[in-house]
Amino acid sequence: MPATAVLATRATFADIVDRLREHFELIDNPSDTVWSAAELVERLQGKAGVMSTGSERIDAALLDACPQLKAVCNVGVGYNNIDVAACTARGVLVTNTPDVLTETTADLGFALMMATARRLAESERFLRRGEWTQTGIYDQFVGGDVHGATLGILGMGRIGRGIARRGALGFGMRVIYHNRSRLDPAVEAETGAHYVDKPTLLGEADHLVIVVPYSAASHHAVGAPELALMKPSATLTNIARGGVVDDAALAEALRSNRIAAAGLDVFEGEPSVYPGLLDVPNVVLTPHIASASVATRRAMADLAADNLVAALGCGPRAGHPLTPVNRP
Ligand code: DGY
């Protein structure tokens, strides 16, 4: 019987490629080219499974053009690049990579919030430009304190709770959050987190961190009306997805000092960045690296590969992928 054929859409660790080749006939992408939708459809012909990433859109049109596809195993906890309902309707299993990236992503979220509050990027650029010519200026690059401040979290899933722990237990922060549903009181008690409505979250947070998954419901969850509710001294950090924040409205809020500063790891239409965000000094920008530690990127690839092997009926967990998103 010919081996089951699968596709890995982006470059990955060499041993993951080797492991997939133990089970499948694999087409991989060592040059890490980002394929167009048409190129992806072409390469998916005859493939039963795909190890995908956020850079590929898996939608109804693609599924209809690739009727032999049985499993889409995404490297990433977020899967807004995949139309899960369309997959379910066609019997295609979807998996993601939760848990393995929670702490690494929370680390980056907290680091970005701190860098934003204390103006690290802005002051480093100043120093590198050779503009630091006088020491001891009393208000040079003064920012907002992190310790003891109010940390507002929009989206209190696993990563949001990781950020809450860092704030409450490491920095003595008061934690407030808004979520689709209120957490179990025992979970709230771990960090003393208080559930509040969204206007209260926006109005009371000294540092707002956004960790809500992207969906039609969360599109532009923070735009001009929401930014208008924030304190002028407040910061906003987005490690969720581009599109949860209205980047044009945010750029204007930063330009007019409506809020103090922002830290952004994700962008609408990335890798393009809204030009207005590049023009303002009070923003720290990173290229979607929240999960980018060596150990975590490896764990994500490992989990996605395990899911693909199991989803296509191979390995010790044949038929039982570890982290399914749907049950087709
Ligand atoms: C995720 O896991 O969703 C991260 O954003 C990496 O893509």
Side-chain angles (χ1 to χ4, degrees), residues 7-13 16 29 32-35 40 50-59 71-84 87 93-113 153-163 179-180 209-219 221-222 236-245 247 262-273 284-308 321-326:
L7 181 73
T9 59
R10 300 295 302 273
T12 187
F13 298 93
I16 302 284
N29 182 5
D32 211 21
T33 311
V34 178
W35 296 322
L40 181 59
V50 57
M51 193 162 108
S52 60
T53 74
S55 53
E56 296 82 46
R57 173 113 200 98
I58 310 287
D59 57 15
V72 177
C73 298
N74 212 45
V75 186
V77 66
Y79 47 86
N80 56 298
N81 56 312
I82 301 170
D83 183 337
V84 177
C87 286
L93 180 92
V94 180
T95 66
N96 67 341
T97 59
D99 302 318
V100 293
L101 49 59
T102 299
E103 299 303 329
T104 298
T105 305
D107 281 349
L108 189 284
F110 208 84
L112 194 51
M113 181 269 282
I153 301 178
L154 183 61
M156 199 64 152
R158 286 167 283 221
I159 298 167
R161 297 203 294 274
I163 291 168
N179 203 35
R180 250 184 331 188
V209 182
I210 300 169
V211 206
V212 72
Y214 181 79
S215 67
S218 65
H219 180 73
V222 178
L236 174 156
T237 297
N238 184 12
I239 58 162
R241 277 288 183 272
V244 173
V245 174
D247 285 350
L264 305 174
D265 187 49
V266 288
F267 304 88
E268 291 188 278
E270 62 187 49
S272 297
V273 175
V284 185
L285 306 169
T286 52
H288 203 146
I289 57 166
S291 64
S293 76
V294 178
T296 291
R297 282 290 167 86
R298 177 165 276 289
M300 291 165 71
D302 250 324
L303 178 51
D306 285 346
N307 277 328
L308 187 56
L322 290 97
T323 49
V325 166
N326 65 348

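Atoms within each ligand, like the ligands themselves, are counted from 1 in listed order. FYI, side chains are in, hydrogens and waters are out, and symmetry mates aren't considered; it's all heavy atoms of this structure. Counting from 1, the numbers follow the sequence of the chain as shown.
Each of the following atoms of ligand 1 lies closer than 4.0 Å to a heavy atom of Gly78: 1 (C), 2 (O), 3 (O). In summary, the atoms of ligand 1 found under 4.0 Å from a heavy atom of Leu101, numbered by their order in the structure, are 2 (O).
Not a single N or O atom of Arg297, backbone or side chain, sits closer than 3.5 Å to an N or O atom of ligand 1. Between Ser291 and ligand 1, no pair of N/O atoms sits closer than 3.5 Å. No N or O atom of Gly76 sits closer than 3.5 Å to an N or O atom of ligand 1. An N or O contact shorter than 3.5 Å is missing between Val75 and ligand 1 by distance.
Here Thr53 has no heavy atoms under 4.0 Å from ligand 1, in either its backbone or its side chain.
Atom CE of residue Met51 and atom CD of residue Glu56 lie 10.5 Å apart, to the nearest 0.5 angstrom.
In plain terms, the two heavy atoms of Ile210 and Val222 that are nearest each other are CD1-CG2, 3.8 Å. When every heavy atom of Asn74 is checked against every heavy atom of Thr97, the shortest pair comes out as O-CG2, 3.5 Å.
The single protein non-hydrogen atom nearest to atom 7 (O) of ligand 1 is His288 NE2, 3.6 Å, given as residue, atom name and distance.
Annotation: side chain of His288 is in contact with side chain of Arg241 (closest heavy-atom distance under 4.5 Å).
In terms of modelled atom types and a separation under 3.5 Å, the side chain of Asp265 and the main chain of Ile289 share a donor-acceptor contact. No donor-acceptor pair closer than 3.5 Å links the side chain of Asn80 to the backbone N or O of Tyr214.
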